[in-house]
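What follows is one structure encoded as structure tokens, with my remarks underneath.
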Amino acid sequence: MLYVLGGTGVGAALCFMLVKAYLDTVKKEKELLEVHSGMVLNDHSRNMKLFSIFLAVMGAVTIYLNYTFSPTEQINTAMGIVIVFAAIGSYFSMSTQNRFYYNDAGIIVEGKYIRYKSVKKVDAKRSLGKKNYTLHTFQNEEILISAKTSQFLEERLKK
């Protein structure tokens, strides 16, 4: 039972942190949208949201199968609980990480407004076989962005 409680605590804490970060970002984006007019949403989070739903279902299946066939194996149940909570939190997190608002002057990404003129460079780094992109500004800010956001920015900066 201790494993299940521990898994629930870890999973719930992770989910809480991700959902809180999502809500904070959405609040900042709403404030920025009121200030900057003509912003257009570019949302490319569908595939990541579907993957999060898939993970949540797999975690739920793990919990169900473990309780049905071997209720004494609590470690598997705890892992399933952590996966479900992490997937729920990830669903919300992917909503903000894989979308941005833009207009002719700048872009809103991760709850921050960045003028195109203030973009210093966009770096790509490999991590576990996946490219991670970092947006660097002249104000020495570093913001992690998605590949599609990076492609969009590179096209805008060429203009």
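We use all heavy atoms of the structure for the numbers below, so side chains are in, but hydrogens, waters and symmetry mates are not.
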Could you check whether any side-chain heavy atom of His136 comes within less than 4.5 Å of a side-chain heavy atom of Val119, counting everything from C-beta outward? no
Would you say Ser146's side chain and Thr149's backbone share a donor-acceptor pair under 3.5 angstrom? yes
Distance from Leu65 atom CG to Met58 atom CE, nearest 0.5 Å? 9.0 Å
What I'd like to find out is whether the side chain of Ile83 reaches to under 4.5 Å of the side chain of Thr62, using heavy atoms alone. no
Rounded to the nearest 0.5 Å, the CZ atom of Phe51 sits from the CZ atom of Arg46 at a distance of 15.0 Å
Return the CD1 to CZ distance between Ile107 and Phe152, rounded to the nearest 0.5 Å. 5.5 Å
With heavy-atom distances below 4.5 Å as the criterion, would you say the side chains of Ile145 and Thr134 are in contact? no
Linking I/L/V/M/F/W/Y whenever their side-chain heavy atoms sit closer than 4.5 Å, directly or via other members, would Leu2 and Tyr67 fall into one cluster? no
Under a 4.0 Å N-O cut-off, is there an ion pair linking Glu29 with Arg99? yes
Taking atom NZ of Lys49 and atom OH of Tyr91, what is their separation to the nearest 0.5 Å? 4.5 Å
Carboxylate-amine/guanidinium contact Asp24 Lys28, below 4.0 Å: no
Aromatic rings His36 and Tyr113: how do their planes relate, parallel, tilted or perpendicular, breaks at 30° and 60°? parallel
Do you see a donor-acceptor pair shorter than 3.5 Å between the side chains of Thr137 and Ser118? no
Using a cut-off of 6.0 Å, state whether more than 12 heavy atoms not belonging to Phe138 lie near its atom CZ. yes
Just do the side-chain contact (heavy atoms from CB on, under 4.5 Å) check on Tyr133 and Asp123 with the steps written out, would you? CA-CA 5 Å; Tyr133 293 88; Asp123 280 342; over 6 Å; no
For the side chain of Thr25 and the backbone of Ala21, is there at least one donor-acceptor N/O pair under 3.5 Å apart? yes
Cluster check Leu23, Ile88: I/L/V/M/F/W/Y, side chain < 4.5 angstrom: yes
side-chain contact (heavy atoms from CB on, under 4.5 Å) between Tyr3 and Thr77, intermediate numbers included: CA-CA 8 Å; Tyr3 290 119; Thr77 302; over 6 Å; no
Min side-chain heavy-atom separation Ile81-Val4 under 4.5 Å: yes
Please give me the minimum heavy-atom distance between Arg156 and Tyr102, naming the atom from each residue. NH2-CE1, 3.4 Å
When you measure from the side chain of Asn103 to the backbone N and O of Ser37, does any donor-acceptor pair fall under 3.5 Å? yes
Same cluster or not: Val122 versus Ile114, using hydrophobic residues (I, L, V, M, F, W, Y) connected whenever any side-chain heavy atoms lie under 4.5 Å apart? yes
Salt bridge flag under 4.0 Å for residues Asp104 and Arg115: no
Least distance between heavy atoms, Ala86 atom then Leu14 atom: CB-CD2, 3.6 Å
Rounded to the nearest 0.5 Å, what separation is found between the CG atom of Asn42 and the CD1 atom of Ile108? 13.0 Å
Leu18 versus Phe92: any side-chain heavy-atom pair under 4.5 Å? no
Taking the side chain as every heavy atom from C-beta outward, state whether Phe100 and His44 have any pair of such atoms under 4.5 Å apart. yes
Quick one: do Phe69 and Val61 end up in the same hydrophobic cluster if we chain Ile, Leu, Val, Met, Phe, Trp and Tyr together by side-chain heavy atoms under 4.5 Å apart? yes
What distance do Lys112 atom NZ and Leu32 atom CG have between them, rounded to the nearest 0.5 Å? 11.0 Å
Looking only at the side chains, is there a donor atom on one of Ser93 and Ser90 sitting less than 3.5 Å from an acceptor on the other? no
Between Ala87 and Ser52 the two heavy atoms that sit nearest each other are CB-O, 3.3 Å
Is the shortest side-chain heavy-atom distance between Leu157 and Glu154 below 4.5 Å? no
Does a side-chain heavy-atom distance below 4.5 Å link Phe85 with Phe16? no
Between Tyr116 (side chain) and Gly106 (backbone), is there a donor-acceptor pair under 3.5 Å? yes
